[in-house]
Amino acid sequence: DMYHQYAPFMNEFMEKLKHGGSLLYSWNIGMGSNFAPLYAYYLASPLNLLITIVSSKHVMDFMAYLILLKIALTGGIFGWYLSRRGKDRDYFPIAFGSMYALSAFMIGYYFNLMWLDSIMVLPLVMLGIEKIVAGKKGRFYALALCYALYCNYYIGYMLCLFACLYFCVLWIGAKKFS
């Protein structure tokens, strides 16, 4: 899918950003296509705006580097999340951040560029839920979840379901039931 589907979408997106053109419709995909749904599902990641720094013959290379960048950010964000949770462990966040970034899901679906942003933001959503349960404001949670939903509504929806379950677990855990 990445070579035959995502790369042409990314190439069309690059052309629209560099040379102008409507982000609502494209005549260059098939016999014409509504571009807004393609953008909403495949191209909404802010990191995709970096496509403007490459030429059209290097789109596949850019996508490969984008995968590496997103996987590295995923591990870094999860490591940062773990370092905020346990202050006394030195190598724990690095090891488990790497494990999260190289999990079976990431290795199995790395070619789905559009899903990687939501997986990257999952630890931020979890941190936001933990702040809400601790009695703090939910702005951090709302921003992280909005980013995940904006980047890809499909995985963002799954993240919403996870957030509901995680909140219930934390809330029940915070109550000292006897």
Side-chain angles (χ1 to χ4, degrees), residues 1-81 83 93-94 97-128 139-160 162-163:
D1 283 349
M2 190 166 108
Y3 183 73
H4 296 290
Q5 189 175 1
Y6 309 154
F9 295 159
M10 189 71 80
N11 198 32
E12 180 66 16
F13 183 56
M14 178 193 60
E15 292 298 323
K16 287 181 176 293
L17 290 176
K18 283 185 174 181
H19 302 93
S22 174
L23 290 174
L24 299 176
Y25 197 82
S26 174
W27 290 103
N28 298 325
I29 299 173
M31 293 179 67
S33 178
N34 189 354
F35 197 76
L38 292 178
Y39 176 81
Y41 187 72
Y42 297 103
L43 304 167
S45 171
L47 294 174
N48 288 343
L49 295 174
L50 295 173
I51 191 75
T52 58
I53 63 175
V54 300
S55 67
S56 60
K57 64 182 180 180
H58 296 293
V59 170
M60 286 300 295
D61 297 330
F62 169 78
M63 291 171 69
Y65 286 123
L66 191 60
I67 289 169
L68 290 174
L69 175 65
K70 288 183 179 186
I71 289 174
L73 286 172
T74 299
I77 289 172
F78 191 71
W80 175 79
Y81 165 75
S83 69
I94 296 169
S98 299
M99 287 181 209
Y100 178 71
L102 300 174
S103 66
F105 180 86
M106 294 293 279
I107 291 172
Y109 294 104
Y110 72 88
F111 55 88
N112 290 314
L113 284 169
M114 63 274 186
W115 292 355
L116 298 180
D117 285 83
S118 295
I119 305 305
M120 178 178 62
V121 176
L122 173 63
L124 301 179
V125 171
M126 292 170 58
L127 183 62
R139 184 177 301 133
F140 188 81
Y141 164 74
L143 288 173
L145 191 60
C146 283
Y147 179 83
L149 285 167
Y150 173 76
C151 287
N152 187 271
Y153 56 86
Y154 177 73
I155 297 295
Y157 173 74
M158 302 300 165
L159 196 59
C160 289
F162 171 80

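All residue numbers in this chain count up from 1 along the given sequence.
Open room surrounds OH on Y65; 12 or fewer heavy atoms of other groups in view lie less than 6.0 Å from it.
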Contacts under 3.5 angstrom, residues 30-39 side chains, donor-acceptor by atom type, not counting sequence neighbours:
unit_1, atom_1, unit_2, atom_2, d
N34, OD1, A36, N, 3.4
Y39, OH, Y150, OH, 2.6

For residues 113-122, which side-chain N or O atoms pair as donor and acceptor with protein atoms under 3.5 Å away, sequence neighbours left out?
unit_1, atom_1, unit_2, atom_2, d
W115, NE1, Y41, OH, 3.3
D117, OD1, S45, OG, 3.1
D117, OD1, K70, NZ, 2.6
D117, OD2, S45, OG, 3.0
D117, OD2, Y147, OH, 2.9
S118, OG, A148, O, 3.2

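Every residue two or more places apart in sequence or in another chain that forms a side-chain hydrogen bond (donor to acceptor under 3.5 Å, both in side chains) with Y42 is listed here: Q5. The ring pair (Phe, Tyr, Trp, His ring centres under 6.0 Å) test applied to Y100 returns F78, not counting sequence neighbours. Taking N112 as the reference, Y6 meet the side-chain hydrogen bond (donor to acceptor under 3.5 Å, both in side chains) condition, with sequence neighbours excluded. Every residue was checked against the side chain to side chain contact (heavy atoms under 4.5 Å, CB included) condition with A72, not counting sequence neighbours, and none meets it. Judged as a side-chain hydrogen bond (donor to acceptor under 3.5 Å, both in side chains), and not counting sequence neighbours, N48 has no contacts. F105 is linked by a ring pair (Phe, Tyr, Trp, His ring centres under 6.0 Å) to Y109, counting only residues two or more places apart in sequence or in another chain. Taking C146 as the reference, nothing meets the side chain to side chain contact (heavy atoms under 4.5 Å, CB included) condition, with sequence neighbours excluded. In this view, L69 and L47, L50, L66, L73 satisfy the side chain to side chain contact (heavy atoms under 4.5 Å, CB included) rule, not counting sequence neighbours. Looking at residues two or more places apart in sequence or on another chain, you find a side chain to side chain contact (heavy atoms under 4.5 Å, CB included) between M158 and Y154, L161. Evaluation of the ring pair (Phe, Tyr, Trp, His ring centres under 6.0 Å) rule for Y141 yields no partner, not counting sequence neighbours.
Atom-to-atom distance recorded for M106:CE and M99:CE is 15.5 Å, nearest 0.5 angstrom. Atom SG of C151 is separated from atom CG of L43 by 11.5 Å, given to the nearest 0.5 angstrom. Between atom OH of residue Y110 and atom CG of residue L102 there is a gap of 13.0 Å, rounded to the nearest 0.5 Å. Note: E12 CD to L17 CG = 10.0 Å, rounded to the nearest 0.5 Å. If you take OG on S98 and CD1 on I71, they are separated by 12.0 Å, rounding to the nearest 0.5 Å.
For the residue pair M60 and A7, the shortest heavy atom distance occurs at SD-CB, 3.4 Å. Smallest separation of non-hydrogen atoms from G156 and L149: C-CD2, 3.4 Å. Of all heavy-atom pairs spanning S56 and E15, the tightest one is CB-OE2, 3.9 Å.
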> Given the rule in the side chain to side chain contact (heavy atoms under 4.5 Å, CB included) test, do S26 and K16 qualify, once you have shown the distances and angles that lead to the verdict?
Replying inline: CA-CA 9 Å; S26 174; K16 287 181 176 293; 3.9 Å; yes
>> side chain to side chain contact (heavy atoms under 4.5 Å, CB included), that's the test. Do M126 and F162 meet it? Break it down for me.
In response: CA-CA 9 Å; M126 292 170 58; F162 171 80; 3.7 Å; yes
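Looking at heavy atoms from C-beta onward, V54 lies out of side-chain contact with D61 at the 4.5 angstrom threshold. Side-chain contact between Y153 and L159 is absent, with no heavy atoms from C-beta onward closer than 4.5 Å. Side-chain contact between L124 and W80 is present, with at least one heavy-atom pair separated by less than 4.5 Å.
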